[in-house]
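The model shown is predicted, which means the values in this text are computed figures rather than measured ones.
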Amino acid sequence: MKQNPDSYLLYEANKFITYNIRLKIVMTDSVKADALERAVQTAFRRFPYYAKEIKLGKDGSIDLIPNERPLKVEPVKASHTRLGTGEVNYHLCSIEYDGDTIWFNMYHGLCGGCGVMFWIKSTLYHYVQEAYGVTLAADGIKTADTPFAPGEDAYPDPAALPDDPPMGNVKKDMCYIPAMDYALQILRTPRKDCRYFELELETGDFMKYARSNDGSPNSILAALMFRAICKVTSPSVAKAIRGNILCNYRADVGCPETYHDLIRLLSVYYPRELESKDIEYLSTVTRSLMYLQMQPEFSVESFRSTFKSKSGTDDVTGLMRKKLYAISHSSFTKPPVGSFLISYVGKENWGELENYVSRIHCITDGHLMVEVNTLRDKFYLTFMEMNPKNKFYNAFCESMREVGIRYREFGGYDRNLAYSVLPKKS
Amino acid sequence: MTIKKKKEGSAMVISVSGQMDTVTAPELDKIVDTELDGITDLTLDFDGLTYSSSAGLRVILKAQKKMNRQGKMKVIHVSREIMELLDVTGFVDFLTVEPA
């Protein structure tokens, strides 16, 4: 690859699919703006690989170069944040606050979920100390003084990876896609946000249910989502449903500590006939398919495919042609495309920070997308939907109630995702 | 779950009956890890196996991968219920399976 590997997702990003994330951290008290400003700048210095701005080459190439300007910290705006512009000092991250909530905006190409949590926790670590005058234990936190970890910015070399083929295949049959919801979203003008919903589940109760139903958080949530889609679609419209489940494969390609965004999708194909099966059976099917596709050989295949696509973009000249190439070879839109997506990469250790944070929600693009975060003894789900009547969310909640999973709702809101803006040609 | 093993030269038959789940699957997993050296022909006999969770399928996957490197494997006397599971998960695409 000719450019920074983190830059390539920008070819695909637009106002409708931003490839940005917006993390909502609800604190236990109102945010102290001055303390936040100081903490943000202190913490951000620890993550030089996030301190970037976009550079547009004469051949239309997009690259990321160091950006030493301070990170923008400001009250929440009514308009969408435009990352990469002077509004946010040309950074691809920014921070906003409102009442007791801190918002982290970030271009997803800069990080995987595992990587970004270090930045979030570091910022909150320094903030709590500034705001409350306390000293927190730094276990599991990359503070401003923590040295760079070996492999923290490692990127795999596809030529050095093994060539063993995986066993089995990923089914690529067609499945239900809520195309009308996507179309309506694109047609809405002026651009309006689709919504997300905040849910809280007790970890103990949920894991007890999962274990007694051959489940994990991913498999149970996928089974519930399958059930929900069956509730609101007819068998003739949704003959099959595919759940995509996020898999962070850093370790499979020899970079277990890297911040880079090395994720792929595990594909679970549910024929409609499974509608009559109980959650345990659905979870068994889901987990079995996850085990099959979690073979490291699939990770290597996926990485090589992504690397090839990025290198292919390099070989095309002109920004528009590069964008078209990237979109047509996208890891996220090539078959098998899914009906829904579950994103949970494991329990997060917050240490003493958990005494100062009430909730966390991760907002992203997508329709029928469920992000899962953990804090203390709770799961925090963020359910994203484009349907204006929220029918999938309502059906998902009904599916939980039917099997006795208790949950708490905190409402639905506009996503207000930032979008990235490319500079004018140099 | 009950496991019986029968070895003749480089061939082994592992008979599994009962239920293979998160608690019992590790027993078969251990055999796959430690007792297949020199085995070139492995048969998993599922006569009497009434249920498998995903943990069981995980062990089957592991065993097949191992035997792909050193010989061959087949799964026999598979009940209708487990056959359905192997089919819907696509495991039948790479296993040699003989239904009951």
Note each donor-acceptor pair with a separation under 3.5 Å, taking one atom from chain A and one from chain B.
| unit_1 | atom_1 | unit_2 | atom_2 | d |
| --- | --- | --- | --- | --- |
| D214(A) | OD1 | S54(B) | OG | 2.9 |
| D214(A) | OD2 | S54(B) | N | 2.8 |
| D214(A) | OD2 | S54(B) | OG | 3.2 |
| K277(A) | NZ | E84(B) | OE2 | 3.0 |
| E280(A) | OE2 | Y51(B) | OH | 2.9 |
| Y281(A) | OH | E84(B) | OE2 | 2.8 |
| Q295(A) | OE1 | K65(B) | NZ | 2.9 |
| E297(A) | OE1 | K65(B) | NZ | 2.8 |
| E297(A) | OE2 | K65(B) | NZ | 3.0 |

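- Within 6.0 Å of atom CZ in R406(A), 12 or fewer heavy atoms from other residues, nucleotides or ligands are found, so the atom counts as exposed in its surroundings.
- Looking at residues two or more places apart in sequence or on another chain, you find no side chain to side chain donor-acceptor pair (under 3.5 Å) involving E301(A).
- For H367(A), the side chain to side chain donor-acceptor pair (under 3.5 Å) partners two or more places apart in sequence, or in a different chain, are D181(A).
- Within the 4.5 angstrom heavy-atom criterion, only side-chain atoms of L57(B), from C-beta onward, approach chain A.
- For D377(A), the salt bridge (Lys or Arg N to Asp or Glu O under 4.0 Å) criterion is met by no residue, not counting sequence neighbours.
- Contact tally against chain B (heavy-atom pairs below 4.5 Å) for M167(A), M294(A), M290(A): the top residue is M167(A).
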